[in-house]
Amino acid sequence: MSSAALHTQSDTNYLNDGFGIRSWLLTTDHKRIAILYLITNTLFFFMGSVMAALIRIELLTPEGDLVQPDMYNRLFTMHGVIMVFLFLIPTIPAVFGNFLIPIMIGAKDLAFPRLNLGSWYVFNVGAALIFYSIFKGGLDTGWTFYVPFSSTYSATNVMTAAVGIFIAGFASIMTGLNFLVTIHRMRAPGMTWFRMPLFVWAHYATSIIILLGTPVVAVTILMVGAERVLHLGIFDPAYGGDPILFQHLFWFYSHPAVYIMVLPAMGIQSELVAGMCRNRVFGYRAVCYASVAIAVLGFLVWGHHMYTTGQSPYAGTIFSFLTMLVAVPSAVKTFNWTATLYRGSISWETPMIYAAAFIGLFIIGGTTGVMLGTLGIDVHVHDTYFVVAHFHYVMVGVTMMGFMGGLHYWWPKITGRMYDAFWSKISALLIFVGFNLTFFPQFLLGYMGMPRRYHAYPEQWQTLNVLSTAGASVLGIGFVLPAIYFLWSLKKGKKAEANPWGAVGLEWEISSPPISHNFEETPVVINEAYDYQAGHVGVIPSTEKEADLV
Amino acid sequence: MKLPFFPEQASAMAQQVDAISLFAVSISFVAGVGIVAVLTWLGLRYRRSHRDEVGSAGHSSNLLEIIWSVIPGIIFIGLFFWGAKIYFENYRIPPDAVRYYVVGKQWMWKYQHPSGNREINDFHVPVDTPIELVVTSEDVIHSFFVPALRVKRDAVPGRYSTTWFEANRTGTFDIFCAEYCGAEHSLMIGKLHVMEQHDYEEWLEGNEPAQSLAMSGAALFEQNSCGTCHRSDSSARAPILDGIYGREIALLGGGVIVADDAYIRESIMNPQAKVVAGYQPIMPTFQGQLREEEILELISYIQSLGKKAESRTEAAAAVSDEGE
């Protein structure tokens, strides 16, 4: 494996290039901004998890005995709002996208570094408002904000939280725009579209969804506000509005938002599978096109959340059909990742365990998604725990596995340190087992008819609920371990090499951690992504001739 | 047939839904096990044997891509057709169905029998009889859900949604609210009592013999002085209501509309919205003055005014076609 290294191991890197608090809070380095996001979003994830833990403890017994119904409703609402809007939607793009996209395409930074920093502040203003609404009495509308409950009946801080989400949405738009421009304009010489890593493709598709979808939810929030404050008749039938219109607008954003969450994770998955199998991703182009197909078709299926609302059955039929179509590219991706193992050189380090867990959970999340898209099945399981289980399999199973896998894969690159291999494998297994134990019983509960968002439930469902809570405890331990060994690695971890996994990609051809400008000189890309035969993708211009001779 | 983790089946619809669900689960199981088996085998077979080993050259195969797009695609589309068939059965109300009204309200279910009997949360119905449900809400969105029947329909304020069922066995089954509706969402539950026909009739009589819905509606019509304008003996200021139910009527400013439940409700709550051709928009709104159940009684009354003029089938068609 010959490697034309693009780096010379130096003592300065982006982490020791300035130490003061200002050097972090005013940084325009995409890598430091990624770390800022990583810190805040991990914090949000733990806050959302605490609420999940309280929900699971309440559901240990059929009676509503731990908290009052009002409190329970606030808990699941805040769990949903925090996890969806402050963790699942922003995190992978803002952390890994930010850190890796410029490096992967051979650029020194994103196209708009200050906009990038600005997005973090805007995001935190949004988050602050959401937390303000939580601590000033909470929010009880469910993360879906269905009217007229949210617009007329709820006495909680709907507007504060909604404005928080509105503002956080702008951070998403800033990030998406930055990625699109960067990917179009800043690719290194030789980095053609079909030489880009699939991670970059996935973020490209995601950015399109962000730019087209987020404004719609912003407008919807403004309309809820207009109705709450000015009593304009938009959604509330009492003022001549239509509550179903809200659901159309909400899901027009929120269904594509699911793809905002999963596409970047799928991008990570492609990198993990390729890197840990030292193989080009099978059907590279098919996976590129699948990302774009998901982004486009994802906008045309929102009505499958509304089969029981009394929406016209013909509309329901069309939405069901399109839902079946969007399932195809997802299936294609799964087959391609699996096929990538064929004739690979597979290392079962922690990132590979996450990649395998991803496939396992995605099969269950995906096939139950097809069931939910099927009209005749959905009417029965809609708004039951079946749906809860399904979207946790997709959002947590895919997005969280992607996030954790990515964190374990690029941690040496980001921090320059190795974490504990043994404990990270134990943690990955605990998360996988705990996750299935938590959410699989919920499929059964849902099919048996247990509606979601129930504070108390009939006794016959207790056994499965106890299992689910037991699983959540295992899951909790699984997530506490990484917090320990990652922090430990920062102090005591072995120094990471530039390329600890022996993977191919521009990020592995620069030092760990990278220098502030990533590359000493802009590299020239001479190979396709994942070219394990050549062993590298880029060269430094001055050595280009030599490289040609090799 | 009672499978583990399947709720009891109390209708033919329940059997159909379970059949398609079982089919989907089986296919998913086979596919899932297949993928995991391949993944495991490849994962062990191609473990890294020495430190510098790399995978073989980049590979792809258009044939494989086509195969694994087309096969799942065909399965998904097959599921789609099967599911759509069941869904349409849910929507197509049998002509001989008897109409019951269901009104959701924070946090209870209220029912009106065609005989005029009313119930809260507990709902008595006869077995082997097609029953049409017209579902609406007095406040926020609720969802009427009977797992044993595999029936669910959202109760949306300002809108009548219809569904139907035919229970094929007697017994007592759970009713839940499936759409989150506030503090006591999980207490908005009831019981469906499916009874033999004669038991049901006895039950109806045993309970305070109520006025029929149409009679209650007539009383309301009187109380609210609707007859001042809606008089059948004059050229009056308002349309004659006899026989209007389920009929197409021309609107002021062009267009026609079928005078179904939704239109009549709208005309009471928001009379200016769609005025009948030839009349002035002078009717006052009854928004906030009538409860949803009272509106339903008025509708039944108006329906009863035109019994001769229209057949049950047309009315059902008009209602079940209620679109966006």
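Residue numbers begin at 1 in each chain, while the letters A, B, ... track the order of the sequences.
No part of A:D236 comes within reach of chain B, as not one of its non-hydrogen atoms sits under 4.5 angstrom from that chain. A:A274 does not touch chain B: none of its heavy atoms, backbone or side chain, sits under 4.5 Å away. At a 4.5 Å heavy-atom cutoff, the contact between A:Q460 and chain B is made by side-chain atoms alone. Interface residue A:T384: only side-chain heavy atoms are found under 4.5 Å from chain B. Only the side chain of A:I363 comes within less than 4.5 Å of a heavy atom in chain B; its backbone stays farther off. In this structure, the portions of A:Y307 lying under 4.5 Å from any heavy atom of chain B include both its backbone and its side chain. With a 4.5 angstrom heavy-atom cutoff, A:L445 does not touch chain B via any of its atoms. Proximity to chain B (any heavy atom under 4.5 Å) is restricted, for A:Q247, to the side chain, taken from C-beta onward. For chain A, the nearby part of B:Q106 is the side chain; its heavy atoms alone come within less than 4.5 Å. Heavy atoms closer than 4.5 Å to chain B are found nowhere in A:S151, neither backbone nor side chain. For A:F386, no part lies under 4.5 angstrom from a heavy atom of chain B. The contact between A:M276 and chain B is made entirely by backbone atoms, counting heavy-atom distances below 4.5 Å. Within the 4.5 angstrom heavy-atom criterion, no atom of B:R45 approaches chain A. Contact annotation for B:F176: both backbone and side-chain heavy atoms come within less than 4.5 Å of a heavy atom of chain A. At a 4.5 Å heavy-atom cutoff, the contact between A:Y146 and chain B is made by side-chain atoms alone. Contacts between B:C177 and chain A at a heavy-atom distance below 4.5 Å involve backbone atoms as well as side-chain atoms. Residue B:L149: no heavy atom, backbone or side chain, is found under 4.5 Å from chain A. Contact of B:I75 with chain A is not made at all, since no heavy-atom distance falls under 4.5 Å. In this structure, the portion of A:Y153 lying under 4.5 Å from any heavy atom of chain B is its side chain and not its backbone. Only the side chain of A:W461 comes within contact range of chain B, judged by heavy atoms closer than 4.5 Å.
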Going through the distances and angles, do B:E266 and B:K274 end up as a salt bridge (charged side-chain N to carboxylate O under 4.0 Å, His left out)? CA-CA 8 Å; B:E266 186 185 36; B:K274 297 187 186 88; 2.8 Å; yes
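Taken to the nearest 0.5 Å, the NE2 atom of A:H390 stands 11.0 Å off from the CE atom of A:M371. To the nearest 0.5 Å, atoms CG (A:N336) and OH (A:Y284) are separated by 12.5 Å. A distance of 9.5 Å separates OH of B:Y91 from CG of A:L375, quoted to the nearest 0.5 Å. Atom CD of residue B:E8 and atom CZ of residue B:F173 lie 5.5 Å apart, to the nearest 0.5 angstrom.
Heavy-atom pairs under 4.5 Å with chain A peak, among B:I27, B:V140, B:T163, at B:V140. Counting heavy-atom pairs closer than 4.5 Å to chain B, the top-ranked of the candidates A:Q68, A:H382, A:H380 is A:H380. For the set A:A456, A:G64, A:A339, the count of heavy-atom pairs under 4.5 angstrom toward chain B peaks at A:A456. If you tally non-hydrogen atom pairs under 4.5 Å between each of B:V70, B:I86, B:I20 and chain A, the highest count goes to B:I20. Contact tally against chain B (heavy-atom pairs below 4.5 Å) for A:F76, A:W337, A:F443: the top residue is A:F76. Looking only at heavy-atom pairs under 4.5 Å with chain A, the residue among B:F81, B:F145, B:Y87 that has the most is B:Y87. The choice from B:P72, B:G182, B:G158 that makes the most heavy-atom pairs within less than 4.5 Å of chain A is B:G182. Highest contact tally toward chain B, considering only A:A331, A:P329, A:G283, is held by A:G283 [criterion: heavy-atom pairs under 4.5 Å]. For the set A:T367, A:T308, A:T152, A:T374, the count of heavy-atom pairs under 4.5 angstrom toward chain B peaks at A:T308. Contact count versus chain A (heavy atoms, under 4.5 Å) is highest, among B:P157, B:S61, B:S137, for B:P157. Of the listed residues (B:V17, B:V36, B:L187, B:I35), the one with the most heavy-atom contacts under 4.5 Å to chain A is B:I35.
Of the candidates A:D70, A:N73, A:D140, A:T156 forms a side chain to side chain donor-acceptor pair (under 3.5 Å) with just one, namely A:D140.
The pair B:R159-A:D242 meets the salt-bridge criterion, with a side-chain N (NZ, NE, NH1 or NH2) lying under 4.0 Å from an Asp/Glu carboxylate O. At a threshold of 4.0 Å, the pair A:R280-A:E528 counts as salt-bridged, since one of the basic side-chain nitrogens sits closer than that to a carboxylate oxygen. In this structure, B:E53 does not pair ionically with A:R278, as no charged nitrogen and carboxylate oxygen lie closer than 4.0 Å. Using a 4.0 Å cut-off between a side-chain N of Lys or Arg and a carboxylate O of Asp or Glu, B:D174 and B:K191 qualify as a salt bridge. Salt-bridge annotation for B:E292 and B:K105: absent, with no side-chain N of the basic residue lying under 4.0 Å from a carboxylate O of the acidic one.
Using a 3.5 Å distance cut-off with no hydrogens or angles, the side chains of A:S345 and B:R48 do pair a donor with an acceptor. Side-chain polar atoms of A:H455 and B:S186 form no donor-acceptor pair below 3.5 angstrom.
Across every non-hydrogen atom of A:W348 and B:R47, the tightest pair is CD1-CG, 3.8 Å. Across all non-hydrogen atoms, the minimal contact from B:R265 to B:I295 is CG-CG2, 3.9 Å. Residues B:D261 and B:Y101 approach most closely at OD2-OH, 3.7 Å, considering heavy atoms.
At a threshold of 4.5 Å between non-hydrogen side-chain atoms, the residues B:W41 and B:V38 do not count as touching. Counting heavy atoms from C-beta on, the side chains of A:I318 and A:L322 come closer than 4.5 Å.
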